[in-house]
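To keep things clear, I will list the structure first and then write my remarks on it.
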Amino acid sequence: FERWAATAALVLLVIGCYLVLRPFLTAFLWGGIIAVSTRPVYARVVGWLGGRRGLAAALHGFGLAAVLLVPMTILGLQLTSRVPELSEPVVAYFAQGVPQPPPWVVKLPVVGNEVNEYWLAVAADPQRIAQDLRPLFKPVREFVLAFSAGLGAGILEFALALLMASLLHAWGDEVRGFFESLMLRLGGESARRQGAVVATTVRGVFNGVIGTAATQSLLAMLGYWIAGIPGVVLLGMGTFLLSVVPGGPALLWIPAAVWLGMQGATGWAIFMAVWGFV
């Protein structure tokens with residue numbers, strides 16, 4: 001009976017720990033990935049500070065927050081504050097009148113006739129498109145609210161991941177020694193080598209993703225600056241975050257090209273579209 005009671009107590013303890021830690025598991029996982037990926041940078045900071053690991057972990061954590069967390073927070077605040085303001089200018093623009101459709105619209109495959117007829121109807125009655133767009137404003141606002149809530153939770157989770165990464169850096173030697181001894185116990189020298197392969201793979205993938213995102217954001221900022229798009233830094237941060245999504249940066253440069261076309265800068269709109277595509 002005592003053996004079964006102890007087993008049941010252990011199972012309940014494990015279940016309780018899981019329920020407590022479940023909301024933080026993703027943050028812990030990201031913290032481990034960040035710690036493994038930025039370990040060489042942390043080692044350099046330790047060398048510069050004369051081996052003071054705690055101070056190096058704190059400075060390294062603040063540096064990661066400045067590079068990753070602060071831009072994400074600024075971008076989230078800017079998006080949540082500005083997106084709801086875009087609806088009325090869009091309606092006002094279309095209410096001023098829409099030009100006649102160009103000849104190539106009717107030649108579009110499948111949808112050419114329908115698009116051309118709707119465009120002609122809107123050009124004859126500018127208020128129609130405003131009325132058609134208004135039902136979409138409420139879902140857009142609801143999406144923005146949901147996005148804001150999710151973004152706030154994501155920022156808090158990422159801050160916790162950075163804290164976890166800093167703690168893992170501070171206790172990195174002890175943690176690494178524990179896992180190496182555990183893997184040696186479970187699978188021998190082969191398991192220890194596989195652990196080193198996993199760490200190298202995680203570091204390579206993480207640095208490749210971050211490097212690609214940084215390169216795309218710098219190139220995007222250059223294109224936005226050349227084309228005269230306002231908010232270059234904000235768009236660059238958005239490109240950095242969206243670069244991890246296939247085709248994500250197009251969510252920014254396509255509207256930018258459309259905005260230039262609406263301003264009458266057709267040449268710059270074409271440039272922006274070509275630059276973003278390439």
Measure across [X] and [Y] and return the closest heavy-atom pair with its distance rounded to 0.1 Å.
X: Ser166; Y: Ala57; value: O-CB, 3.5 Å
X: Met272; Y: Gly223; value: SD-O, 4.1 Å
X: Ser37; Y: Arg203; value: O-CG, 3.6 Å
X: Met221; Y: Val233; value: CE-CA, 4.2 Å
X: Leu168; Y: Arg39; value: O-NH1, 4.0 Å

* To do: Begin from the C-alpha positions of Leu25 and Tyr18 and carry the test side chain to side chain contact (heavy atoms under 4.5 Å, CB included) through to its verdict.
  => CA-CA 9 Å; Leu25 290 179; Tyr18 169 74; 3.8 Å; yes
* Take Trp48 and Val45 through the test side chain to side chain contact (heavy atoms under 4.5 Å, CB included) and record every step on the way to the result. => CA-CA 5 Å; Trp48 295 338; Val45 177; 4.3 Å; yes
Roughly how far, to the nearest 0.5 Å, is [atom2] of [Y] from [atom1] of [X]?
X: Leu49; Y: Leu55; atom1: CG; atom2: CG; answer: 5.0 Å
X: Leu162; Y: Ile34; atom1: CG; atom2: CD1; answer: 5.0 Å
X: Leu163; Y: Phe158; atom1: CG; atom2: CZ; answer: 12.5 Å
X: Gln194; Y: Thr201; atom1: CD; atom2: OG1; answer: 9.5 Å
X: Leu234; Y: Leu252; atom1: CG; atom2: CG; answer: 8.5 Å
X: Arg193; Y: Met183; atom1: CZ; atom2: CE; answer: 11.0 Å

Can you tell if the side chain of [X] reaches within under 4.5 Å of the side chain of [Y], non-hydrogen atoms only?
X: Pro249; Y: Gln216; value: yes
X: Ile229; Y: Trp268; value: no
X: Trp253; Y: Leu235; value: no
X: Ser243; Y: Thr239; value: yes
X: Glu157; Y: Thr26; value: yes
X: Phe240; Y: Thr212; value: no
X: Trp30; Y: Met164; value: no

Cluster overlap [X] with [Y], hydrophobic side-chain contacts below 4.5 Å:
X: Leu29; Y: Leu64; result: yes
X: Phe24; Y: Ile15; result: yes
X: Leu184; Y: Phe178; result: no
X: Trp259; Y: Leu222; result: yes
X: Ile33; Y: Ile210; result: yes

Judged by atom type as modelled, is there a donor-acceptor pair below 3.5 Å linking the side chain of [X] to the main-chain atoms of [Y]?
X: Arg44; Y: Val41; result: no
X: Tyr42; Y: His169; result: yes
X: Ser217; Y: Ala214; result: yes
X: Trp225; Y: Ala220; result: no

* Val36 and Phe206: side chain to side chain contact (heavy atoms under 4.5 Å, CB included), yes or no, with the steps? -> CA-CA 9 Å; Val36 170; Phe206 182 86; over 6 Å; no
* To do: Show your working on side chain to side chain contact (heavy atoms under 4.5 Å, CB included) between Phe271 and Leu260 and close with a plain yes or no.
  => CA-CA 10 Å; Phe271 163 80; Leu260 287 170; over 6 Å; no
